[in-house]
Amino acid sequence: MNSVGIDAVAIHAGKLRLDLAETFAPAKGEDPEKYTKGLGLHASSFPDVEEDIVTMGANAAHKLMTRKGLEPDDIGRIDVATESAFDNSKPVSTYIAGCLEAVFEGDFHHANKGERKFACISGTQSLDDAYNWIRAGRNRGRAALVIATDTALYARGDAGEATQGAGAVAMLIAEDPDLVELSLEQGFGSADETDFLKPNQQFPSVDGKRSVQVYLARMREALEDYESVAGDVRAEDFVYAPFHTPFPGMVRKAALLAYRHVTRDTEIEDSLAARIGRQPRAEAFDDEDAFFESVREYMDALKETEQYQEWYEQAIEPTLDIARHVGNWYTGSVHIARASALRNARENGIDMAGESLLVGSYGSGAQAEIHAETVRENWTEEIDALDIDDQLAARRDISFEEYEEIHDVHNHDKEIDIDAFTTPSEEFIRDGLGPMDERTYRYVE
Ligand code: COA
């Protein structure tokens, strides 16, 4: 069996931009640095009036299929991962297939379609499903289309409003892929948690501080589980570590823990010992609180070391470049982090062919998953084809009043009729409701 992984990727960002430091923070009476320094965010992308999870997903998939010269017959499976679905029965993948059939010759009648739900980790779970389907030999030579699409909006006034975003990532999963091969080994950390949920409601109920703790705990479990099958992970084993990025500050916390873990019992720990001591070991403490306090002190000191800062700048910071300007895309977030890292490698002339990524996905509720990816020979072509910079630059900036309007437009409980802020061109848009109240779409030339 050839290797299986991501053959191509295309991204569609919501077409509006809310500047968090200059527009949002002043309107909320907050210090802009809470966003730029604390959360690590400059802007959020928002869906325009005629955009939603279907149009963003279809636009990303359309771009991907056009670029790769694919027709519907080449696709045997369409999986959509989302936590922003507006229909409890009909999957988003059928709406997206309908959109694509309007512009491509042929149809997807023999493609298996579905929708995956497990908060933000369902994008990675859909990759898994596609991988397993191909490895099992059930794909009849066809590829799978995985689309992670979300409008990550929180109720007005909720703390989560600081970390909103909207966009879609489409990925083609195939044998002998051009971008990255997925490892057979993977590790999970999963537990029944209530850090973030939407019990039949559009906007999440979220315990933000708790979700940060749950993210860290599950991620650690997943890493240990991964190591139980793949062997110990060391800092030099991977060039980048793209992690789920609800906001870059979250990844900053995870990275410090990860670095402590991957340097334990290594020459790096030895070389740091003279300056900051050795890592505290639980067995050396009678009292759990004293152990945790000692770990906190070690981490504070570790954060200040040159070794850690250099590693962070090289392995983590580049994964956050796009997230800083678009906010949280839920299911798409870790897939943006991968693209961001590889784009950075391309810009800096780093030869990634054959090199590894350590990929950490997370979904509230809660589950983390860790796997490795090996970058393929043709990766540069795939990364050069990304048009994310142009998309981000073309976004329409919105004022705080316009933000309030657009939030209302996408609020299922409100009926607001306003004109779109941007003029659509060569893209799918929402154009109303059908006889059964289903959303309808069309392609604008
Ligand atoms: N300068 C620099 N840093 C500042 C600052 C300033 N003026 N003001 C605040 N900060 C820092 C805070 O210290 C904090 O960093 P820390 O966590 O390292 O201490 C960070 O900015 C955020 O500030 P905080 O007051 O905690 O923000 P908040 O109460 O608005 O909550 C979230 C932040 C992330 C919890 C909230 O936006 C949320 O609930 N988001 C949705 C859930 C989520 O994304 N969970 C993540 C796991 S999936």
Side-chain angles (χ1 to χ4, degrees), residues 18 20-22 24-45 81-84 117-125 148 150-166 189-191 193-198 201-222 242-258 296 299-300 302-304 312 316 319-320 323-324 326-337 360-369 407:
L18 176 67
L20 293 168
E22 284 179 20
F24 192 70
K28 291 268 170 187
E30 290 176 319
D31 183 347
E33 292 203 338
K34 167 181 161 183
Y35 294 87
T36 51
K37 297 216 164 120
L39 295 168
L41 285 169
H42 294 274
S44 298
S45 54
T82 186
E83 46 189 306
S84 322
K117 179 182 74 177
F118 193 152
C120 306
I121 200 173
S122 62
T124 298
Q125 289 182 316
D150 271 299
T151 47
L153 301 185
Y154 292 76
R156 300 289 319 284
D158 189 286
E161 222 184 344
T163 59
Q164 301 179 108
S190 189
E193 299 276 4
T194 46
D195 51 332
F196 173 113
L197 53 160
K198 296 182 177 181
Q201 65 199 38
Q202 184 190 2
F203 300 125
S205 298
V206 55
D207 182 344
K209 305 282 176 203
R210 173 140 182 76
S211 72
V212 169
Q213 294 314 315
V214 177
Y215 177 117
L216 297 174
R218 303 285 82 82
M219 207 61 104
R220 191 178 69 165
E221 275 176 6
F243 275 48
H244 170 55
T245 311
F247 54 98
M250 177 69 244
V251 175
R252 202 169 51 219
K253 290 179 205 288
L256 187 60
L257 280 174
R296 263 191 295 275
M299 303 274 276
D300 285 345
L302 183 63
K303 194 161 50 179
E304 302 306 323
Y312 183 87
I316 306 294
T319 70
L320 307 173
R324 283 188 198 295
V326 301
N328 192 359
W329 286 12
Y330 289 164
T331 54
S333 149
V334 65
H335 308 293
I336 292 179
S361 305
Y362 172 77
S364 290
Q367 181 161 302
E369 190 258 13
H407 196 286

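Atoms within a ligand are numbered from 1 in the order they appear, just like the ligands themselves.
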Enumerated ligand 1 atoms positioned under 4.0 Å from heavy atoms of [X]:
X    : result
A159 : 36 (C), 37 (O)
D31  : 7 (N)
V206 : 42 (C)

Does the protein put a heavy atom under 4.0 Å from [atom]?
atom                    : answer
atom 32 (C) of ligand 1 : no
atom 42 (C) of ligand 1 : yes
atom 12 (C) of ligand 1 : no

Task: Any donor-acceptor N/O pair, E193 side chain to S364 backbone, under 3.5 Å - done: no
Open item on the list: Suppose we measure from atom 38 (C) of ligand 1 to each protein heavy atom; which comes out shortest, and what is that distance?
Closed with: G160 CA, 3.7 Å
Open item on the list: Please identify which of these residues, S333, S84, S122, meets the side chain to side chain donor-acceptor pair (under 3.5 Å) condition with D150.
Closed with: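 The side chain to side chain donor-acceptor pair (under 3.5 Å) with D150 is passed solely by S84 among S333, S84, S122.
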Task: Structural part of F196 in contact with ligand 1, heavy atom criterion under 4.0 angstrom - done: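 No part of F196 is near ligand 1 at this cut-off.
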Task: Between F196 and Y330, ring centroids under 6.0 Å - done: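 Yes, close enough.
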Open item on the list: Which option wins on minimum heavy-atom distance to atom 15 (O) of ligand 1: K253, K34, E30?
Closed with: K253
- [ ] Please indicate whether K37 has more than 12 foreign heavy atoms, meaning atoms of other residues, nucleotides or ligands, lying under 6.0 Å from its NZ.
- [x]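 Open.
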Open item on the list: So, taking the atom named NZ in K253 and the one named CZ in F243, what distance separates them when rounded to the nearest 0.5 Å?
Closed with: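 Here the rounded value is 15.0 Å.
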